[in-house]
Amino acid sequence: AAAALAVLRLSTAAEASPIRKSPPARVRNLIGGEFVESQSEESIDVINPATQEVVSRVPLTTKEEFKAAVDAAKGAFPQWRNTPVTTRQRVMFKLQELIRRDMDKLALNITTEQGKTLKDAQGDVFRGLEVVEHACGMATLQMGEYVTNVSHGIDTYSIREPLGVCAGICPFNFPAMIPLWMFPMAVTCGNTFILKPSEKDPGASMMLAELALEAGLPNGVLNIVHGTNDTVNNICDDDDIKAISFVGSNTAGMHIYARAAAKGKRVQSNMGAKNHAVVLPDASVDATLNCLVAAGFGAAGQRCMALSTTVFVGDSKPWEDELVERAKSLKVSAGVEPGTDLGPVISKQAKDRICRLIQSGIESGARVVLDGRNIGVPGYEDGNFVGPTILADVTSDMECYKEEIFGPVLLLMKAESLDEAIKVVNSNKYGNGASIFTTSGVSARRFQSEIEAGQVGINVPIPVPLPFFSFTGSKASFAGDLNFYGKAGVQFYTQIKTVTQHWKDSSSSQGVSLAMPTSQ
Ligand code: NAD
């Protein structure tokens, strides 16, 4: 939809916008180590969501350019896979240093294109940086296994080899972290890579690619192509691409999962969410309220691990009043403004969707206890702002509960008991994250074992694991079986080869046997 709305035909651009003296620069593709201008006539505007200023334009990469990127990745693979793992790791050591050096520049680009606050943008870069640090230990992570003497004089060992060309397709909400979930792990395993950034905020990916080249990543190991559905479909269909990492919505994720699997590719697909917090009456009040506000409204709710629903066990009224007070005090403005707590949402369409879902909640019986729909932000009157919004008395049949809102909207529900609260969470189709707030270890332990979500928080509202674990969403939040980063990430980007060796002493010939070899 974004593509349909914002596509500009270059041939008519001059007539369409006579005021624009020099049109914003077109973002380039990265093919074989060169940043090249696309020949495509079609572009999408990258828009600052706080001001509507056009920051840059993203080309819809042509089929030929896409193929050139795949060829570059394919051509670079033989030499890169045979490059010692220690050398590959050293590129990552250098890359992490360069990301730290350019942290502020990266964060400013993210705030400009995506809207989140500068501090939050730094967090976006930092959580990606940690994956680069993790990739620095690839020699250990990629170790195989060895059993000596599986039969007389015979040893078996397994080694993990890279797949070849892998690809990554990114969402808009973490312009640095998610590309960094993907290519550092993939290339340090010895693969080469095609990255397709989100068409809404490609800038951070381009800066990271420049840093990767500066760090010494050889030409063709990392390539970038831009575009939307057609580029994605080209990635799914191309026989030279062996694996796809996807993060984004369920519509795109399930399409990519099915289309790429039909071509025999492996896919890891991280998708949408509806993350719940269950608050027990014994929870520590101040800390819990702070967690609910931070996780509900941080990044304007545009995190796949944002807290979108709170289920209060027992009397919810005292919690509700205090929650509204704290949410009201948050400052909504452009991400570059000092003291801002939450910035704009990504687009006008996103704002319309969020407001529509709030309205549908109200119409189906939810009580709006804080309404951020008509917020005015001085100096940024054109921004896509939605203030913190809280809907109470929400029930699980409401559209605002069933759909992912992906905005600064917190839904409040009630349950009589922990059992009932667990039932509510488990009935939801998504399974990214769920948290419990309590001072009872017994309740927390029950929650941990009975809750059907891939990432569980105990007095922690956004339980995103660091890279030595994996990002383990489940149910409709994930398709595939090997998750992002951690051990599973290494397994995703490698295939196992098992070797059985027998070094016979020439004097010990045992003649020919046609029976199935056994070691009885
Ligand atoms: P999106 O699905 O609209 O876009 C993601 C990518 O898919 C983009 O690169 C886009 O060009 C491409 N795409 C979109 N529609 C497509 C289609 N029909 N066919 C082929 N390609 C298509 O997602 P978004 O709006 O950029 O990101 C927000 C979504 O991402 C939310 O649902 C959020 O929960 C999810 N998300 C999930 C995680 C996670 O780890 N589970 C992390 C971040 C974001």
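Both ligands and their constituent atoms are indexed starting at 1 by order of listing.
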Task: His134 and Leu141: CA distance, side-chain angles, deciding distance, side chain to side chain contact (heavy atoms under 4.5 Å, CB included) verdict - done: CA-CA 9 Å; His134 184 63; Leu141 295 170; 3.6 Å; yes
Open item on the list: Taking Leu482's backbone N and O only, do any of them form a donor-acceptor pair with Arg266's side chain (distance below 3.5 Å, no angle check)?
Closed with: no
Open item on the list: Please verify the inter-ring angle class for Phe172 with Phe406; under 30° counts as parallel, over 60° as perpendicular, anything in between as tilted.
Closed with: perpendicular
Task: Val247 near ligand 1 by a heavy-atom separation under 4.0 Å - done: yes
Open item on the list: Yes or no: does Phe246 have any heavy atom under 4.0 Å from an atom of ligand 1?
Closed with: yes
Tell me which part of [X] gets within contact of ligand 1: side chain, backbone, both or neither, using heavy atoms under 4.0 Å.
| X | value |
| --- | --- |
| Val232 | side chain |
| Glu404 | side chain |
| Thr231 | neither |

Can you tell which of [options] gets a heavy atom nearest to [atom]?
| atom | options | answer |
| --- | --- | --- |
| atom 27 (O) of ligand 1 | Ser198, Gly473, Pro171 | Pro171 |
| atom 37 (C) of ligand 1 | Lys200, Met271, His226 | Met271 |
| atom 33 (C) of ligand 1 | Phe406, Phe471, Trp181 | Phe406 |
| atom 35 (C) of ligand 1 | Cys304, Gly248, Ser308 | Gly248 |

By number and element, which atoms of ligand 1 are closer than 4.0 Å to a non-hydrogen atom of [X]?
| X | value |
| --- | --- |
| Asn173 | 43 (C), 44 (C) |
| Ile169 | 6 (C), 7 (O), 9 (O) |
| Ile178 | 42 (C), 43 (C) |
| Asn432 | 41 (N) |

Open item on the list: Please confirm whether the ring centroid of His276 lies under 6.0 Å from the ring centroid of Tyr401.
Closed with: yes
Measure the spacing between [atom1] of [X] and [atom2] of [Y] and express it to the nearest 0.5 Å.
| X | Y | atom1 | atom2 | value |
| --- | --- | --- | --- | --- |
| Ile358 | Thr389 | CD1 | OG1 | 4.0 Å |
| Asn29 | Glu37 | CG | CD | 9.0 Å |
| Tyr430 | Lys402 | OH | NZ | 12.0 Å |

Open item on the list: Both conditions, 6.0 Å and 45 degrees, for the charged tip of Lys196 above the ring of Phe246: are they met here?
Closed with: no
- [ ] List in chain and number order the residues that pass side-chain hydrogen bond (donor to acceptor under 3.5 Å, both in side chains) with Lys423, two or more places apart in sequence or in another chain; answer none if no residue qualifies.
- [x] none
Open item on the list: Return the closest protein heavy atom for atom 14 (C) of ligand 1 as residue, atom name and distance.
Closed with: Ala252 CB, 3.7 Å
Task: Shortest protein contact, atom 26 (O) of ligand 1 (heavy atom only) - done: Phe172 N, 3.0 Å
